[in-house]
Amino acid sequence: MTAQIIVNNLHKHFGHLEVLKGINLEIKKGQVVCVIGPSGSGKSTLLRCINRLEEPTHGDITVDDIRITDPKVDINKTRRHIGMVFQQFNLFPHLSVKENIMMAPLELKLKTKIEAEQKAIELLERVGLSDKVNAKPRQLSGGQMQRVAIARALAMEPDIMLFDEPTSALDPEMVGEVLAVMKELASMGMTMVVVTHEMGFAKDVADRVIFMDEGIIMEEAPPAEIFANPKNPRTMEFLKKVLSV
Amino acid sequence: MNLGKVFSEVNPLLLKGLWITIEVSVLSLLLAFALGLCTCFFGMSKKAPLRWISKAYVGLIRGTPMLVQVFYVYFAIPQLLQFMGFDVRLTPFSAGLITLTLNAGAYMSEIFRGAINAVNTGQMEAARSLGLSQAQAMRKVILPQAFRICLPSLVNQFIITIKDSSLISVIGLAEIMYQAKIYVGRTMESFATYTWVAIYYLVLIGILTYVAKLVERKVQI
């Protein structure tokens, strides 16, 4: 079986700054890949290239056999089945929790109002927020907001989920509830790419861990291997710093 | 200097004028809202000529006094058109309406631009990541938030435009200030008359401010 996400020689420049310097990556359907590395290493940029929130400068990305770097491709259609969860949640503050989840399927005419509402309620149940259906985002805690954001992405019924440091803006006691939802998603076979600083999550859930630094994939291995005996000196140095805390 | 006596005499005139003030202001604000929104979108367009049009228009209006604009629309442009062979004559009302609309439209486009820019970029990204087009994201996510952000400045612009409409009296539009000037010219009762004019403006703008507060509270996030 060919991979679901194929990244081929991806480069990204911001002005003179080269953030990605030739990334090659394949992710199979149902795999969970965690991307770790120091800040500024290009891991978020890589993630954002996969749904073209950033335009790659150079190189190819293929998702579900569609070459999304082709300028002729309808990126809006492709994005429908690539969910994304942001560090800052980015819930729509003027809409209620339920409306946040219903908005895209309704606007894109994929569901009737009744279907969308049913789906929203079902998803909120799944992320443990049945009691917040009619709340406004500002009434929620960070962990609750992020769980709504996950539900919102799932409402589009994606087969890939991208997570951009989903727990980095959370108070420590709320990290667990978000990771639990993500774990459940992983166990249901969702293809996931997770940029994270949660080494515990990477250890437990990832099929593969990618260590990035300076715009390059420095090392790539199953979690057991990369955490127990990293081969690249940069990986060792990074892991020593983050795991010794 | 008899406020009461002057009031009973001048009040019917002022009310007639006030009605025209309201008419020209409300109409021009409605038109300016649409014009401002278009100009704002032109200014953010990917097409450079549209951006230039928007920039030139806003620059022209912001760079010239309202009084010059009134004269320009009422006297200068019709003369130019007549010279080119078109017989165009504007009534004071339509010239005033055009001027106020052009003037407020330019300022509103800046107000809208500021408000749209003030919406967090993450909002657009979140909407786009769900598969919405730029236009859909604008309509469903960005504009509703931008509208709430721009309300106070928008109300401010409403107030400025209502007050600026008094300038149109110079071309003979019989709004409240014009009526007052005529009456004072006849009776020399300037203190009493202009006091009443000021009170009418205060009440009118007071009501607007009150309604705006209600709306603001209603649409609060």
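Please read all numbers here as calculations on a predicted model, not as lab measurements.
- A donor-acceptor pair is defined here as one N or O able to donate and one able to accept, closer than 3.5 Å; such a pair exists between the side chain of A:H94 and the backbone of B:K140.
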Notebook entry, point to check: Passes side-chain hydrogen bond (donor to acceptor under 3.5 Å, both in side chains), A:N51 versus B:R128? Steps please.
Noted result: CA-CA 10 Å; A:N51 66 353; B:R128 297 303 303 273; over 6 Å; no

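- Once rounded to the nearest 0.5 Å, the distance linking OG of B:S133 with CZ of A:R79 reads 10.5 Å.
- Note on A:R52, A:M156, A:R48, A:K136: by heavy-atom pairs under 4.5 Å with chain B, the leading option is A:R48.
- Inter-residue side-chain proximity for B:L132 and A:L108 is flagged as met; some heavy-atom pair is nearer than 4.5 Å.
- Both the backbone and the side chain of A:R80 come within contact range of chain B, with heavy atoms under 4.5 Å apart.
- Atoms CG and CG, on A:N76 and B:L130 in that order, are 11.0 Å from each other to the nearest 0.5 Å.
- In this structure, B:Y178 places its OH atom where only 12 or fewer heavy-atom neighbours from other residues, nucleotides or ligands lie under 6.0 Å away.
- Neither the backbone nor the side chain of B:A137 comes within contact range of chain A; no heavy atoms are under 4.5 Å apart.
- Residues A:F92 and B:A126 come closest through the heavy atom pair CE2-CB, 4.0 Å.
- Crowding of B:K163 atom NZ: a count of heavy atoms from other residues, nucleotides or ligands under 6.0 Å not exceeding 12.
- Residue-environment remark: CD1 (A:I114) stays at or below the threshold of 12 foreign heavy atoms within 6.0 Å.
- Atom CG of B:N120 and atom CD of A:Q88 lie 8.0 Å apart (nearest 0.5 Å).
- If you tally non-hydrogen atom pairs under 4.5 Å between each of A:M84, A:Q87, A:M103, A:E107 and chain B, the highest count goes to A:E107.
- At least one side-chain heavy atom of A:F86 sits less than 4.5 Å from a side-chain heavy atom of B:S129.
- Looking at A:L53, the atoms closer than 4.5 Å to chain B (heavy atoms on both sides) all sit in the side chain, from C-beta outward.
- In the displayed structure, B:Y72 atom OH is contacted under 6.0 Å by at most 12 heavy atoms of other residues, nucleotides or ligands.
- In A:E115, the CD atom is crowded: over 12 heavy atoms of neighbouring residues, nucleotides or ligands sit closer than 6.0 Å.
- With hydrogens and angles disregarded, a donor-acceptor distance shorter than 3.5 Å links the side chain of A:N90 to the backbone of B:G122.
- Between the side chain of B:Q123 and the backbone N or O of A:L91, at least one donor-acceptor pair lies under 3.5 Å.
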